[in-house]
Amino acid sequence: DQIRLGTSAGAQAVYDAASSHLSNERQHKLKDGRVIDVEVSSRPMEFNNRPAILKVAWDITARKQQEREMRAIASMARNLRTAQTRAEMLPAFLDEMMALFICDSVAIALRDSSSDEFTIERVHGRWQELAGLRFKPGEGITGSVIASGQPFLTDDLDSEPKNLGVEKLDQRHAAACIPLMAEEQAVGALWLVRKSAFTQAEVRLLTAVSDIVANALLRATFYERLQAQ
């Protein structure tokens, strides 16, 4: 932010109106293209006997990210708590993940209760042809993530040797595949695909959210089995 000094009518009006310290929060784009959250403090002052406004900006990106994470986790837990079956749970969950991480596509693979295989049960956004695809633990990227319990991250999915068995994307995409683990067992995996890379803060949030949804899915599975019996 630049400090403007002078006696223009606009500056004089702001100076006269600002009887005390003022502050507000907003986003600011840096020269390298990164967008950060800042808190801007404005205070009237005099410089060389002229009215002026002093502005100071603090980088509060880390604090705002933590606040967003806490809101997202609380909202996710609240919504999942009210759903009893996977059919009720998955649509709203995937919509929320699409919006929260601004993705082109989100897919979820879950364990088939009748076998050791996993099935991509639902896809939002692109990659609709993936729905219904079955695979075993250790097979492809998804199977490796489920077998290892470790997330997979890439800034260029097209360059990965283990593809998903679908056509190449028409442009470079970043991707994250997060294991869904509950009570030390693999429930499934969550895929997110978009054009920009995932940050460490987003991966941390994804891991926290995945733990919540994995436990909710396990609970829903037990409920569905009970209803079937």
Side-chain angles (χ1 to χ4, degrees), residues 61-62 65-66 68-77 79-80 86 89-90 92-112 116-127 130-131 133-166 168-169 172-221:
T61 305
Q65 178 63 30
Q66 290 177 345
R68 284 191 287 267
E69 289 178 9
M70 294 303 296
R71 286 197 300 269
I73 291 173
S75 174
M76 197 79 64
N79 292 337
L80 292 174
R86 295 189 297 184
M89 191 179 300
L90 293 182
F93 168 68
L94 294 184
D95 281 343
E96 194 159 355
M97 298 301 284
M98 284 272 290
L100 181 60
F101 294 98
I102 316 177
C103 295
D104 295 330
S105 181
V106 176
I108 190 166
L110 299 176
R111 180 187 292 275
D112 187 336
D116 289 333
E117 292 186 328
F118 290 80
T119 304
I120 296 183
E121 290 206 6
R122 196 172 186 95
V123 181
H124 285 201
R126 303 179 61 185
W127 285 12
L130 281 177
L133 186 67
R134 300 175 66 89
F135 50 87
K136 298 177 180 179
E139 182 180 358
I141 295 175
T142 311
S144 297
V145 166
I146 291 172
S148 67
Q150 298 298 315
F152 164 83
L153 299 169
T154 180
D155 293 344
D156 186 5
L157 188 58
D158 278 350
S159 66
E160 296 298 328
K162 293 182 179 180
N163 58 57
L164 296 173
V166 296
K168 290 287 187 179
L169 300 173
R172 180 174 176 175
H173 279 70
C177 184
I178 309 296
L180 301 176
M181 306 293 294
E183 299 182 4
E184 298 184 353
Q185 59 179 300
V187 177
L190 176 68
W191 270 100
L192 299 94
V193 180
R194 69 184 192 187
K195 295 180 179 65
S196 59
F198 290 89
T199 66
Q200 289 301 314
E202 287 177 318
V203 174
R204 184 173 64 249
L205 176 57
L206 271 171
T207 302
V209 168
S210 296
D211 289 342
I212 295 172
V213 73
N215 282 281
L217 287 167
L218 186 61
R219 172 177 54 80
T221 300

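- A 4.5 Å side-chain heavy-atom check between Pro179 and Ser210 finds every atom pair outside the cut-off.
- Legend: residues meeting salt bridge (charged side-chain N to carboxylate O under 4.0 Å, His left out) with Arg134, ordered by chain and number and at least two apart, are Asp112, Glu117.
- One finds the CZ atom of Phe93 at 12.5 Å from the CZ atom of Arg122 (value rounded to the nearest 0.5 Å).
- Listed by chain and residue number, Glu202 satisfy the salt bridge (charged side-chain N to carboxylate O under 4.0 Å, His left out) test with Arg194 (two or more places apart in sequence, or in another chain).
- Considering all non-hydrogen atoms of both residues, Gly138 and Ala147 come closest at N-CB, 3.9 Å.
- In this structure, a donor-acceptor pair under 3.5 Å is absent between the side chains of Ser105 and Trp191.
- For Thr119 (side chain) and Glu121 (main-chain N/O), no donor-acceptor pair under 3.5 Å exists by modelled atom type.
- Considering only heavy atoms from C-beta on, Met97 comes within 4.5 Å of Leu206 through its side chain.
- In this structure the side chain of Val187 never reaches within 4.5 angstrom of the side chain of Met181, judged on heavy atoms.
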> Going through the checks in order, is the side-chain contact (heavy atoms from CB on, under 4.5 Å) test met by Leu157 and Phe152?
Replying inline: CA-CA 11 Å; Leu157 188 58; Phe152 164 83; 4.2 Å; yes

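- Between Asp104 and Met98 the shortest side-chain heavy-atom distance does not fall below 4.5 Å.
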>> Ile120 vs Phe135, test: side-chain contact (heavy atoms from CB on, under 4.5 Å). Steps then yes/no.
In response: CA-CA 9 Å; Ile120 296 183; Phe135 50 87; 3.9 Å; yes

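- Taking both residues in full, the closest heavy atoms of Ala176 and Leu153 are given as CB-CD2, 3.4 Å, listed atom of the first, atom of the second, then distance.
- Summarising the geometry of Ser144 relative to Gly140, their closest heavy-atom pair is OG-O, 2.8 Å, with the distance given to 0.1 Å.
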>> Pair Leu217, Ile108 - check side-chain contact (heavy atoms from CB on, under 4.5 Å), show working.
In response: CA-CA 11 Å; Leu217 287 167; Ile108 190 166; 4.0 Å; yes

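- Between Leu190 and Leu94 there is a side-chain heavy-atom pair separated by less than 4.5 Å.
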>> For Asp155 and Phe198: C-alpha separation, side-chain torsions, deciding distance, then whether side-chain contact (heavy atoms from CB on, under 4.5 Å) applies.
In response: CA-CA 8 Å; Asp155 293 344; Phe198 290 89; over 6 Å; no

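- Counting only heavy atoms from C-beta outward, the side chains of Ile146 and Thr142 approach each other to under 4.5 Å.
- Within the structure, the salt bridge (Lys or Arg N to Asp or Glu O under 4.0 Å) test picks out no pair touching residues 139-148 (sequence neighbours left out).
- Looking at His173 and Asp156, their side chains never bring a donor and an acceptor atom within 3.5 Å of each other.
- Contact of the Phe101 side chain with the Leu205 side chain is registered, since non-hydrogen atoms from C-beta on lie closer than 4.5 Å.
- Counting only heavy atoms from C-beta outward, the side chains of Leu180 and Leu110 approach each other to under 4.5 Å.
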